[in-house]
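The shown structure was predicted, so the numbers you read here are calculated from the model rather than taken from an experiment. Hydrogens, waters and symmetry mates play no part in the numbers below; they use all other heavy atoms, side chains included.
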Amino acid sequence: MSIELDGKSYETDEEGYLVNMGDWNDALASAMAREDGAELDSNHWEVINFLRDYYEEYQIAPAVRVLTKAIGKRMGKEKGTSKYLYELFPYGPAKQACKYAGLPKPTGCV
Amino acid sequence: MIDFETPVLKEYPIIPLIQPGAMAHSKPYVAKQDLQEKIGFPGELIDDWQEVAIKKMGELVSKSRALMVFLDTCVKCGACTDKCHYFLGTADPYNMPVARQDLFRDVYRRYFTFAGKHFPKLVGAKDLDKDMLDLWYSYFHQCSQCRRCSVYCPFGIDTAEISMAAREILNTIGVGQKYCNEIIGKAQTIGNNLGLPEPALADTLEGLEEDIEEETGVKVRLPLDEKNADILLVTPSADFFAEPHVDGLIGYAKVFHAAGLSWTLSSHASEASNFGLFIGSYDNMQKISMRIRDAALELGVKRIVFGECGHAWRVAYNFLNTLAGPFDFLDQNYPIPQNISEVTYDLIQRNALTLDKSANDDKVLTFHDSCNVARGSRMGDVAGGQFIIPREIIKATCNHFYDMADDTIKEATFCCGGGGGLLTDDLVELRVKGALPRMEALKQVVDNHGVTHMVAICAICKSQFSKVMPYYGFEMDQVISLHQLVGNAIVLNRSE
Ligand code: SF4
Ligand code: SF4
């Protein structure tokens with residue numbers, strides 16, 4: 001499978017996650033969201049950017065608590081909840097946001 | 001995402017009219033070459049697959065007397081047909097336990113019985129051809145190996161054993177399931193299903209310690225890799241990562257703290273779960289279990305305690321000693337291994353914890369028995385301890401508790417719908433439909449007793465319910481961890 005953007009094709013796995021993390025860029029993230037019928041606004045980007053920073057340091061997506069705490073610090077306490085994150089990413093913050101951030105899907109019993 | 005209709009919750013459970021082929025399209029993603037090879041299986045369907053599969057089948061049957069008896073003794077009485085949650089939720093006749101078994105049994109008879117070899121048509125024996133292989137892949141990944149059917153079978157025939165054998169054969173010829181096999185690979189190389197490396201784990205635990213202190217004013221520790229601690233806690237990695245799991249982890253930490261027990265987590269064995277079980281692979285199960293032994297030796301602990309996880313407890317309770325023993329270096333005065341619920345229950349019995357039930361007064365609780373605990377293992381030292389202990393912990397930590405209907409709990413419990421290695425997004429239709437019987441039972445206690453939350457003691461159950469409950473009009477946070485209740489109720493001594 002793949003995702004097309006500006007005449008270029010980027011390889012993805014069966015579920016639409018980028019195979020090569022190096023392919024990622026802002027426009028590709030927006031294109032992936034559009035395929036799901038979503039439009040990324042500054043709130044989404046705040047999450048996506050944090051995920052990418054965290055991944056770069058730890059080679060894994062952050063745990064839900066780590067994510068909500070960080071978002072609460074950056075965007076205000078009322079946004080530091082998993083309810084808010086599910087509003088932004090209805091398929092689950094860990095999975096859907098990781099996809100747009102170009103990171104692999106979290107595996108396991110989650 | 002595939003479109004499908006969520007079943008409607010009815011007032012009384014009804015056995016559905018069969019709909020042949022209703023779930024024939026349901027197949028999980030196949031594992032790619034690298035995932036397969038990493039855990040010791042061929043990368044793709046091998047050329048002589050038929051021959052190899054039949055040989056493997058012969059091997060498995062000759063090694064396991066139980067399997068042979070299960071295959072030989074079914075009298076087609078039909079008692080099991082309406083006992084599987086996947087059948088009740090999908091109406092697909094192949095999801096009747098006996099029909100699922102027959103996919104395996106018919107092939108077995110074709111190649112391993114006199115009548116089947118010589119008069120296959122007469123005895124309904126079938127070739128293992130490509131069509132049969134596809135049916136196997138589809139329907140042996142529609143069995144969560146929950147063993148509910150075996151409770152109702154007069155001969156105790158266990159479809160879970162047959163489905164594990166089928167998956168093992170599939171893997172042996174190069175056809176594995178992506179979800180399970182990727183996880184097994186990660187558990188063996190990184191130490192947990194998530195692929196959570198040590199620095200991320202350390203950072204996550206530190207964050208949780210801050211949270212607890214902020215909330216309670218007490219410094220409760222979540223130690224990692226601390227040598228010479230008394231207890232090694234092995235818990236599902238979902239406890240570090242997901243909700244509501246993490247509240248359970250915080251609960252365990254508070255219990256250890258309040259009881260003054262010395263404990264540690266391990267970054268080497270940062271996973272209780274053991275997906276080797278789901279694919280029937282002894283070798284893979286053993287590799288994962290050995291990490292626990294190695295960590296226990298390396299850290300010099302005296303006891304091993306398991307966190308909340310159903311199949312992990314089944315593997316630990318039944319096989320840990322065979323897989324990774326002997327554990328003669330541990331303190332023999334405690335069960336090896338022990339379940340966190342046993343530890344907490346024991347402390348409650350001895351009045352060693354101060355519990356304020358009113359801390360959970362905002363909730364009315366019910367309890368979901370996990371299949372692998374209910375039917376696959378035990379807790380404590382009395383028969384049925386696995387049913388008594390979690391309920392006694394609930395009653396000690398809250399004021400409002402109601403059980404669901406008798407034929408849906410304890411030994412008769414319904415699977416959450418996501419067990420047995422099926423907790424993956426590519427099977428979401430199956431998971432939603434398979435949750436129907438549990439959702440019906442839940443709705444009854446919600447309507448009759450105002451139940452607000454369902455307590456679970458398994459990482460898979462918790463993730464599955466938070467995913468599927470919204471399909472049935474519940475909120476995702478209506479499932480909670482048993483030790484979340486404990487954590488809420490426990491009174492910590494501030495002066496420490
Ligand atoms: S073991 Fe459970 S999922 Fe499998 S056939 Fe029996 S009842 Fe169904
Ligand atoms: S209950 Fe047992 S004997 Fe009866 S049909 Fe089912 S598997 Fe066969």
For [X], is it the side chain, the backbone, both, or neither that has a heavy atom closer than 4.5 Å to a heavy atom of chain A?
X      : answer
B:L194 : both
B:E206 : neither
B:S237 : neither
B:P236 : neither
B:L201 : neither
B:D239 : neither

What's the spacing between [X] [atom1] and [Y] [atom2] if we round to 0.5 Å?
X      : Y      : atom1 : atom2 : answer
B:D211 : A:K69  : CG    : NZ    : 3.5 Å
A:T107 : B:F241 : OG1   : CZ    : 8.5 Å
B:D203 : A:E57  : CG    : CD    : 7.0 Å
A:C109 : B:I460 : SG    : CD1   : 4.0 Å

Atom [atom1] of [X] with >12 non-hydrogen neighbours under 6.0 angstrom:
X     : atom1 : result
A:E78 : CD    : yes
A:E4  : CD    : yes
A:D6  : CG    : no

Relative to chain B, which segment of [X] carries a heavy atom at a distance below 4.5 Å: side chain, backbone, both, or neither?
X     : result
A:D36 : neither
A:P62 : backbone
A:V66 : side chain

>> Whether A:K105 and B:D425 form a salt bridge (side-chain N of Lys/Arg under 4.0 Å from carboxylate O of Asp/Glu) is what I want to check.
In response: yes
Fill in: Ion pair check, A:E15 and B:K178, cut-off under 4.0 Å
yes
Of the listed B:K32, B:M476, B:H245, the one with the largest count of heavy-atom pairs under 4.5 Å with chain A is B:M476
Would you check if [X] and [Y] make a side-chain contact, meaning some heavy-atom pair closer than 4.5 Å?
X      : Y      : value
B:K462 : A:V110 : no
A:R65  : B:L249 : no
B:P197 : A:Y58  : no

Requested in this report: Search all heavy atoms of B:A200 against all heavy atoms of A:I60 and return the closest pair with its distance.
Outcome: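 For B:A200 versus A:I60, the nearest heavy atoms are CB-CG2, 3.5 Å.
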Practice prompt. Please report the shortest heavy-atom distance between A:A63 and B:T204, naming the atom on each side.
Written response: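 Closest pair (atom of A:A63, atom of B:T204, distance): CB-CG2, 3.9 Å.
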